[in-house]
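The shown structure was predicted, so the numbers you read here are calculated from the model rather than taken from an experiment. Proteins get letters first, then strands, A, B, ... in listed order; numbering begins at 1 in each. Below, each value reflects all heavy atoms present in this structure, side chains not excepted, and no hydrogens, waters or symmetry copies.
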Amino acid sequence: MLIKAPRGTRDILPPDVGQWQFVEGKAAEMCRIFGYQEIRTPVFEHTELFLRGVGEVTDIVSKEMYTFQDRGERSLTLRPEGTAPVARSYLEHKLYGETQPVKVYYIGPMFRYDRPQAGRYRQFHQFGVEVFGADDPTVDADVMVLALKFFRGLGLSDVTLQVNSVGCSACRSAYRTLLQEQLREKVSGLCVDCTDRYEKNPLRILDCKNVRCHELTENVPMMTDHLCQECATHFTAVKQAMDKLGETYLVNPRLVRGLDYYTKTAFEITSSVLGAQSSLGGGGRYDHLLSTIGGPEIPGIGFAIGLERALLAMEAEKVSIPVANTLDAFVATAGDVGADEALAVTMMLRDAGIAADKDYLGRSLKAQLKFADKKEVRFLIILGDEELKLGMATVRDMKNGTQQSVSMTGLTAHLTALVKEAK
RNA sequence: GUGGGUGUAGCUCAGGUGGUUAGAGCACCAGAUUGUGGCUCUGGGGGCCGUGGGUUCGAGUCCCAUCAUCCACCCCA
């Protein structure tokens, strides 16, 4: 217990950090190009924010939150998602008073008390974006394309975008009633989960994996055919914008997202290489979220992408990740040359911007060579009695095995040139 | 929260029907003309057999519980 990471959490060890930096770097780069700026919010918030923002009847809130009391008796919750906190920050700092729209992105850990599974963790990481203060359909397209280009940038090819419109408060509630009427006769034939959904969230029945439920809803009317004028126009415009960009997508009228706040556009990006948790990311428009948590009526839209899943998909698709090389040079000693002498030389190289290190365990020259080889260091500097007497050092190229004598005074310049050439 | 699989060395795994000091490969460390890596050879360090109970003369092996992990459901990223 003592030396075990808690359930559903894990360490990202040095050999894997490079992949994370690559993915996070891609996200930042893509966002910069798309005109988004980074925002960082706390990892915990007042519990009420999620109760009201995400919705009390959602699974996230009803059974997956890490909620605790602090010493001041406040109920706090480790953020289960990023949209509500960013929306809160936007309101708190009255960013609606500035030039609109506000386009931001975030990268960081989220927490959900779920049972761990392939691609699902209790602490996981999301990259997400939010746009506040613009309800134009081209914003919807902007957001979706950013997500797609991000995945492409990672080298993923098995990526599918599914789009739907879940309507607004007006047309959705009308459709919901219609759907319940249509399904009234068939409720008994649905699976246990769907029987429950019939009352709580009938739209979700359309999304059920159960084949039987799918059959029973075969001829039921779809949301997309019952949108109000405004929502229908918006949805058409979103699709037009995507078409104009030549982006492919699948209209899935059965797509329903789990969070309460979505309106109009809802989308999900999936990969078939992921197993049961096939969703790489998802998002949508939330035109009433801000007012729900106490702000003015301001439209918003965003997405969240699971970084672990992106990494998993990259692994499954065998995408090679460019990893930055570590050390440029390793300083080895032979004979009676002291460790402090080696440290001084190492430091001299570092001061010139060369990534260098030395042996700290008093190992034999042979062992030092072996170490440098394992660490894939290109250049080895050998400091020995003979060299030092002459004010020289031996520089060995580990790649082709050649070596030459270089004067101590010219060592830095010599290596700088070698390292530059090697890169 | 529900169902199923699995827990033996750092990693991947062997250890028929319970029976002496629990093994292999890889990894790690050290040697093989005392100043030179990769290949090869030799040797070495490492194991509360997940944990706690129970059955038994005797448990890595059987039973129960528990924890962890994996997969699926639910849900989602």
Is there any protein nitrogen or oxygen under 3.5 Å from a nitrogen or oxygen in nucleotides 7-12 of chain B, and what are the pairs?
none

Polar-atom pairs under 3.5 Å, protein N or O versus N or O of nucleotides 30-35 of chain B: list them with distances, or write none.
from, atom 1, to, atom 2, distance (Å)
B/G35, N7, A/Glu386, OE2, 3.4
B/G35, O6, A/Glu386, N, 3.1
B/G35, O6, A/Glu386, OE1, 3.4
B/G35, O6, A/Glu386, OE2, 3.2
B/G35, O6, A/Glu387, OE1, 3.2
B/G35, N1, A/Glu387, OE1, 2.7
B/G35, N1, A/Glu387, OE2, 3.1
B/G35, N2, A/Glu387, OE2, 2.6

Output side-chain donor-acceptor pairs under 3.5 Å for residues 405-415 of chain A, partner residues at least two apart or in another chain, one line each.
from, atom 1, to, atom 2, distance (Å)
A/Ser407, OG, A/Thr409, OG1, 3.2
A/Ser407, OG, A/Gly410, N, 3.3

Can you give each donor-acceptor pair under 3.5 Å made by side-chain atoms of residues 380-388 of chain A, sequence neighbours left out, with the distance rounded to 0.1 Å?
from, atom 1, to, atom 2, distance (Å)
A/Asp385, OD1, A/Asp336, N, 3.1
A/Asp385, OD2, A/Asp336, N, 3.4
A/Glu387, OE1, A/Gly384, N, 3.2
A/Glu387, OE2, A/Thr394, OG1, 2.7

Which atom pairs, donor and acceptor, lie under 3.5 Å between side-chain atoms of residues 127-139 of chain A and protein residues at least two apart or in another chain?
from, atom 1, to, atom 2, distance (Å)
A/Glu130, OE1, A/Tyr286, OH, 2.4
A/Glu130, OE2, A/Thr83, OG1, 2.8
A/Asp136, OD2, A/Thr138, N, 2.9
A/Asp136, OD2, A/Thr138, OG1, 2.3

- RNA chain B base-pair string [pairs: Watson-Crick or G-U under 3.5 Å; |: paired with another strand]: (((((((..((((.....[...)))).(((((.......))))).....(((((..]....))))))))))))....

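Residues meeting the side-chain contact (heavy atoms from CB on, under 4.5 Å) test with A/Asp193, sequence neighbours left out: A/Cys191, A/Arg197. When the side-chain hydrogen bond (donor to acceptor under 3.5 Å, both in side chains) test is applied to A/Asn400, the partners found at least two apart in sequence or on another chain are A/Asp397, A/Thr402. Applying the salt bridge (Lys or Arg N to Asp or Glu O under 4.0 Å) test to A/Glu45 and every residue at least two apart in sequence or in another chain returns A/Arg88.
Heavy-atom distances under 4.0 Å link RNA chain B to no residue of residues 143-158 of chain A.
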- Item | Footprint string (nucleotides 70-77 of chain B, 5' to 3'): B base within contact, S backbone only, - free, heavy atoms under 4.0 Å | -SBBBBBB

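Checked for salt-bridge contact, A/Asp114 and A/Lys63 miss the test: no charged N lies under 4.0 Å from a carboxylate O.
Each ring-ring contact (aromatic ring centres under 6.0 Å, His included) pair with one or both residues in residues 14-40 of chain A, not counting sequence neighbours, appears once here: A/Trp20-A/His125.
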